[in-house]
**Q** 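Sharing a structure, written as structure tokens. Questions coming.
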Amino acid sequence: MKGVGERIEVVQGDLTHEAVDAIVNAANRSLLGGGGVDGAIHRGGGRAILDACRKLNGCETGDAKITTAGALPSRYVIHTVGPVYQDGQHGEPELLARCYRRSLEVAVTHGLKTIAFPAISCGVYGYPLTEGARIAVDAVATFLGREESIHRVRFVLFDSVAFEAFRQAAGEWGAGPQDGSDPR
Ligand code: AR6
């Protein structure tokens with residue numbers, strides 16, 4: 001089994017283009033759509049995602065639920081709800097870490113091996129990028145260290161500033177250079 005750093009990739013791009021087992025959506029508690037990456041996922045996946053989400057009765061902050069990916073190239077979408085950042089003293093770090101952990105737990109339950117994440121909470125929800133990236137990478141790396149069934153986790157960042165923040169955080173775990181090859 002490869003080391004933790006070798007199973008983490010950081011790339012700049014559009015999450016909705018990822019042909020992995022599951023992409024993770026930075027949703028809100030209604031799970032009925034919104035802006036940002038959530039809007040892009042619902043637009044790209046089509047009606048099937050919204051229909052599936054309607055049956056889930058929403059999702060608590062820090063939790064995760066899975067649906068079809070509809071017309072998207074991934075097999076599933078795992079919807080998680082990040083914390084709205086206030087000042088970092090309202091449980092935000094724990095809740096953000098829990099989003100990554102719960103998403104991976106759901107993936108394991110479904111036998112999924114390749115997962116792609118956006119920068120949860122780092123857009124509309126206002127999480128500071130450097131801190132959000134560190135929490136994300138630490139939570140994922142810690143999980144991978146004790147769970148061998150996940151082969152690869154890709155962080156897919158929309159812009160170069162977010163990409164840099166995640167690349168730096170992943171470097172702490174020895175994540176190597178990215179070749180952009182298909183993880184499957
Ligand atoms: N691929 C990858 N990353 C993206 C994409 C994309 N297609 N589009 C945006 N991002 P946000 P949040 C980045 O606001 O902060 C929604 O309305 C974006 O640049 O999507 O968790 C939900 O319904 C940023 O770095 O999610 C909620 O109400 C990151 O994704 C609320 O926003 C997350 O930004 C959730 O806010």
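Whatever order the structure lists them in is the order used to number ligands and atoms, beginning at 1.
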**Q** Which protein N or O atoms sit under 3.5 Å from any N or O of ligand 1? Give atom names and distances.
**A**
unit_1, atom_1, unit_2, atom_2, d
ligand 1, 1 (N), L15, N, 2.9
ligand 1, 7 (N), D14, OD1, 2.9
ligand 1, 14 (O), V124, N, 2.8
ligand 1, 15 (O), S121, O, 3.4
ligand 1, 15 (O), G123, N, 2.8
ligand 1, 15 (O), V124, N, 3.2
ligand 1, 15 (O), Y125, N, 3.0
ligand 1, 17 (O), G35, N, 2.7
ligand 1, 20 (O), V37, N, 2.8
ligand 1, 21 (O), S121, N, 2.8
ligand 1, 23 (O), N28, ND2, 2.7
ligand 1, 23 (O), D38, OD2, 2.7
ligand 1, 28 (O), N28, ND2, 3.3
ligand 1, 28 (O), Y125, OH, 3.4
ligand 1, 34 (O), G123, N, 3.4

**Q** Going by side chain to side chain donor-acceptor pair (under 3.5 Å), name the pairs with one or both residues in residues 90-101, residues two or more places apart or in two chains.
**A**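 Output for this query lists D87-H90.
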
**Q** Check the pair V137, F155 against side chain to side chain contact (heavy atoms under 4.5 Å, CB included), reporting the backbone distance first and the verdict last.
**A** CA-CA 9 Å; V137 173; F155 290 103; 3.9 Å; yes

**Q** Should R102 and D63 count as an ion pair when the cut-off is N to O under 4.0 Å?
**A**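 Salt bridge: yes.
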
**Q** Enumerate donor-acceptor pairs with a distance under 3.5 Å from any side-chain N or O in residues 115-130 to protein atoms, sequence neighbours excluded.
**A**
unit_1, atom_1, unit_2, atom_2, d
S121, OG, P83, O, 2.8

**Q** Looking at residues at least two apart in the chain, or sitting in another chain, which of them share a salt bridge (Lys or Arg N to Asp or Glu O under 4.0 Å) with D14?
**A** none

**Q** In sequence, state the C-alpha distance, the side-chain angles, and the governing distance for V153 and E9, and then conclude on side chain to side chain contact (heavy atoms under 4.5 Å, CB included).
**A** CA-CA 6 Å; V153 171; E9 293 184 353; over 6 Å; no

